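Note that the numbering runs from 1 along the sequence shown for the chain. All values reported here derive from a predicted model rather than from experimental measurement. We count ligands from 1, going down the list as the structure has it; atoms in each ligand are counted the same way.
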Amino acid sequence: MINTTDHQDKLTPLEAWQATLGELQLQLAKSTFDAWLKDTTLVAAEDGVYTIGARNSYARDWLDNRMRGLVKRTLARIVGRQVDIRFIVDAKPVESPAPRDLIGYDPADSAPTRNNGTNGHSCILNSRYTFETFVGSGGNRVPYEISRAVSERPGAGYNPLFLYGGVGLGKTHLLHAIGISATQRGRKVLYVPSEQFTNELVGSIRARTTEEFRNKYRSVDVFLLDDVQFVAGKDSTQEELFHTFNALHSANRQIVIACDRPPRDVVGLDERLRSRFEGGLVVEILPPDFAARMRILQTKCEARARGISAAVLELIAQTVETNVRELEGALNRVIAHWEALRQPPTVETTQAILKDMLPAGGRPSPEAIVQRVADYFAIAPEALLGPSRKQQIVVPRQIAMYLLCTETDLSLEQIGAFMGHRNHTTILHGRDKIRALMETDPTTRLHVQAIRERMRQPAAARQMA
Ligand code: ADP
Ligand code: MG
């Protein structure tokens, strides 16, 4: 049944799939391969139909829409005959919320709170993510205060509350904090990442239990929906979400949504949902300023009963500027060294530790920067270096110039030469344009943050290994 061994190259289906992955790895940008293909599994192979498991429905849809042809051709070449490919969601991993994402997460210090208000359904809140452990100063002051108010009087004001901001800035933390606080006030709370919402919906359609699904989601006082960007482009999920939203909203139940960008920037978001989301309060979560980073570090130290000198904390807060998750990662590293060496960290040892966290060689290469920008905007790197004046190329190109200026030691002339022999004044203009937009335009700020984030990811991954 599962057998292609009678074909010329005597590969088992599994070997054929592994060879295919090997080939695709060579053909595709590393970021693309790692994000979408690395974790796929061969689920079945029958009569030339290969069933490939993806981690979640979002990955499945993406692979189906963007990779099917390429995967099919590559696999066919390897097995030496026509094949067909089917992508499915691999049944095993049901996405659990935040804890596994955390660098240095210690299950021992985080007993999940199962919320009983929802008949034992999948609402698991991380008891570490409370308002007490969240530093609500600087750019986070407004979202913090509003979240608190919402948890105290759900449904009474800002409804829905739409929180958006870059990766690792505390969106999930705030959703959990609202959930925990509202639960303590006796409210029925349901927290769900939007991918899980989709998976459950699809499961309930298959099992003909949509009635139960609806009852579950429409019977809560507080509905917390995380990472809503993942519903974009999924028609049946959006349809269901729209009705869930209306049912809850008209009954004055609280809805809180987290997203990595503002509603108007979510490509593929249903217009009706967009206008519903914008009908409440939309709040941006900003990266913490230096003072807030210091307070976050101090809070994390207290939580772990660690006294680290202010000078060391300052050094960490100066070095890790954008992402709170990375900030925590840096602190965890410093504490780990302390435990290993049984000596409190000094500024000097901390400097050495933090240096290790930067990407290899300290700084990204110009090629890597251009590649990341191109990947992010889904355009060819050559287009960034070329002469096109189209708006959808010009802005990414200027972002590349800005990042080349801020993330490398290259001179304006060198950057000009690299960017397709442009004059150094062009580079200067591009850099300043983006710098100014970063102050005034949230979209540009999010783009730049997200790309920076991706440039740093390999280092963070190494650090976790
Ligand atoms: P997001 O959902 O925005 O990607 P998370 O909520 O998962 O980010 O936050 C990442 C990590 O940073 C979590 O461990 C969270 O507790 C921590 N964190 C983020 N912002 C703050 C803050 N203002 N105060 C304390 N911890 C924070
Ligand atoms: Mg999150």
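Distance check, rounded to the nearest 0.5 Å: CD of E152 to OG of S181 gives 6.0 Å.
Side-chain contact, D375 with Q371: a donor N or O sits under 3.5 Å from an acceptor N or O. Checked by atom type, the side-chain pair D226/T172 shows a donor-acceptor distance below 3.5 Å. A donor-acceptor contact closer than 3.5 angstrom is absent between the side chains of R372 and Y376.
Those atoms of ligand 1 with a heavy atom of Y129 less than 4.0 angstrom away are 13 (C), 14 (O), 16 (O). Close approach of ligand 1 to V324 is summarised as follows: ligand atoms under 4.0 Å from at least one heavy atom of the residue are 12 (O), 17 (C), 18 (N), 19 (C), 20 (N), 21 (C), 27 (C). When each atom of ligand 1 is checked for a heavy atom of G166 under 4.0 Å away, the hits are 3 (O). Every atom of ligand 1 with a heavy atom of V167 under 4.0 Å away is listed here by number and element: 4 (O). Near K300, meaning under 4.0 Å from one of its heavy atoms, ligand 1 places the atoms 16 (O), 17 (C), 25 (C), 26 (N).
Of all the heavy atoms of E328, the ones lying under 4.0 Å from any atom of ligand 1 belong exclusively to the side chain. With a heavy-atom cut-off of 4.0 Å, V135 touches ligand 1 through backbone and side chain alike.
Ring geometry for F277 against F162 counts as tilted: the plane angle lies between 30° and 60°, on a 0 to 90° scale. F213 and Y217 have tilted rings, their planes meeting at an angle from 30° to 60° on a 0 to 90° scale.
Put simply, the side chain of F223 does not reach to within 4.5 Å of the side chain of Q254, judged on heavy atoms.
Checking T133, N140, T172 against atom 25 (C) of ligand 1, the nearest heavy atom belongs to T133. Looking at H173, H176, R295, E132 and measuring to atom 15 (C) of ligand 1, the nearest heavy atom belongs to H173.
Residue contacts with ligand 1: F134 is placed with no nitrogen or oxygen under 3.5 Å of a nitrogen or oxygen of the ligand (distance criterion only). Backbone and side-chain nitrogen or oxygen atoms of G170 are examined, and one is located within less than 3.5 angstrom of a nitrogen or oxygen of ligand 1. In terms of polar-atom proximity, G168 is counted as a contact of ligand 1, with an N or O under 3.5 Å from an N or O of the ligand.
The two atoms that bring S250 and A247 nearest to each other are OG-O, 3.3 Å, heavy atoms only.
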